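Read the structure below first, then the notes.
It should be emphasised that the depicted structure is a prediction, and the values quoted were computed from it without experimental measurement. FYI, the numbering just counts along the sequence from 1.
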Amino acid sequence: PIHSVCNMSFLDATLSAIVVGALWILILAPVDQIHGTPTGAPIAACESMTPGHGYDAQNSASPFKTEIPTGETAFMDDPVHLELRSLSSGTYFKGFLIMAFDKDDTSATPKPIGTFKLIEGSDGQLMDCSGKVSTAVTHTNNVVKNLVRIDWQPPKYYMGTAIFRTTFVQDVSTYWIKTESISVTFVMPDGSTHDPMKAANV
């Protein structure tokens with residue numbers, strides 16, 4: 001009888017520990033989802049550009065866009081000014097992740113190109129995606145915003161067509177991934193699109 005009592009006490013203690021542990025898991029799991037990533041996207045998000053909040057991305061048209069005021073053409077080596085903005089007043093986003101890609105790179109996992117530069121007064125921090133320095137920008141806080149300004153520097157002597165993909169996060173369960181900007185084609189000052197590096201090797 002004494003052994004039975006001891007065994008029952010041990011069993012009760014073990015079951016209590018399991019129940020308490022399970023309750024802590026249930027309590028803490030939603031906390032992570034509620035907070036998301038308020039201080040910026042993690043490096044793990046570089047490839048998929050997905051926040052990892054535990055919710056599916058939106059399939060509807062994004063209420064936000066990446067705008068390029070200078071249009072679809074830029075001179076070789078010139079920086080490109082970007083504006084991440086809301087399409088209507090009263091609509092805000094809290095988080096974002098932006099990268100630039102060569103439009104002709106149709107591989108399953110395209111590599112980001114160029115480097116970003118922060119503009120003073122805009123929310124943003126540089127990220128090193130795909131092992132390259134400053135190839136992405138993400139938010140630094142989850143304060144609502146309807147405009148973020150960023151500059152992007154193309155690779156040296158780049159004569160291709162770049163496109164910018166941005167993930168916009170409205171709240172922890174509402175986000176749009178890889179929304180595309182207009183494409184920007186880099187040309188010589190005379191308007192030609194030949195690659196000077198290829199011409200030099202002819």
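- Residues S134 and T115 have side chains that never bring a donor and an acceptor to within less than 3.5 angstrom of each other.
- Side-chain atoms of F116 and L126, non-hydrogen and from C-beta on, do get closer than 4.5 Å to each other.
- T106 and D104 share no donor-acceptor pair across their side chains, judged by distance under 3.5 Å alone.
- In this structure, OG on S86 lies 8.5 Å from CD on Q170, to the nearest 0.5 angstrom.
- Geometrically, R165 engages F101 in a cation-pi contact, judged by NZ or CZ lying under 6.0 Å from the ring centre and within 45° of the ring axis.
- Within the 4.5 Å cutoff, side-chain heavy atoms of K145 are placed close to those of H139.
- F93 is listed as a side-chain neighbour of V148, based on a closest heavy-atom distance under 4.5 Å.
- Each disulfide bond (SG atoms under 2.5 Å apart) pair with one or both residues in residues 107-167, not counting sequence neighbours, appears once here: C46-C129.
- A 4.5 Å side-chain heavy-atom check between I163 and S181 finds at least one atom pair inside the cut-off.
- Not one N or O on the side chain of W176 forms a donor-acceptor pair closer than 3.5 Å with the backbone of N59.
- With no hydrogens or angles considered, a side-chain donor-acceptor pair links T66 and T166 at under 3.5 Å.
- Other residues, nucleotides and ligands contribute at most 12 non-hydrogen atoms within 6.0 Å of the NZ atom of K117.
- Within the 4.5 Å cutoff, the side chain of R85 has no heavy atoms near those of the N146 side chain.
- You'll find the side chain of F96 reaches within 4.5 Å of the side chain of D123, heavy atoms only.
- Looking at every heavy atom in both residues, P51 comes nearest to V169 through CG-CG2, 3.8 Å.
- Judged by distance alone, with hydrogens and angles left aside, the side-chain atoms of T50 form a donor-acceptor pair with the main-chain N or O of S48 at under 3.5 Å.
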Check: residues 69-82 side-chain donor-acceptor pairs under 3.5 Å, at least two apart:
unit_1, atom_1, unit_2, atom_2, d
D77, OD1, Y157, N, 2.8
H81, ND1, D151, OD1, 3.0
H81, NE2, E83, OE2, 3.4

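- The closest donor-acceptor contact from the side chain of T135 to the backbone of K132 lies under 3.5 Å.
- The closest side-chain heavy-atom distance from L84 to F168 is below 4.5 Å.
- A distance-only check finds no donor-acceptor pair linking the side chain of D128 to the backbone of G131 [under 3.5 Å].
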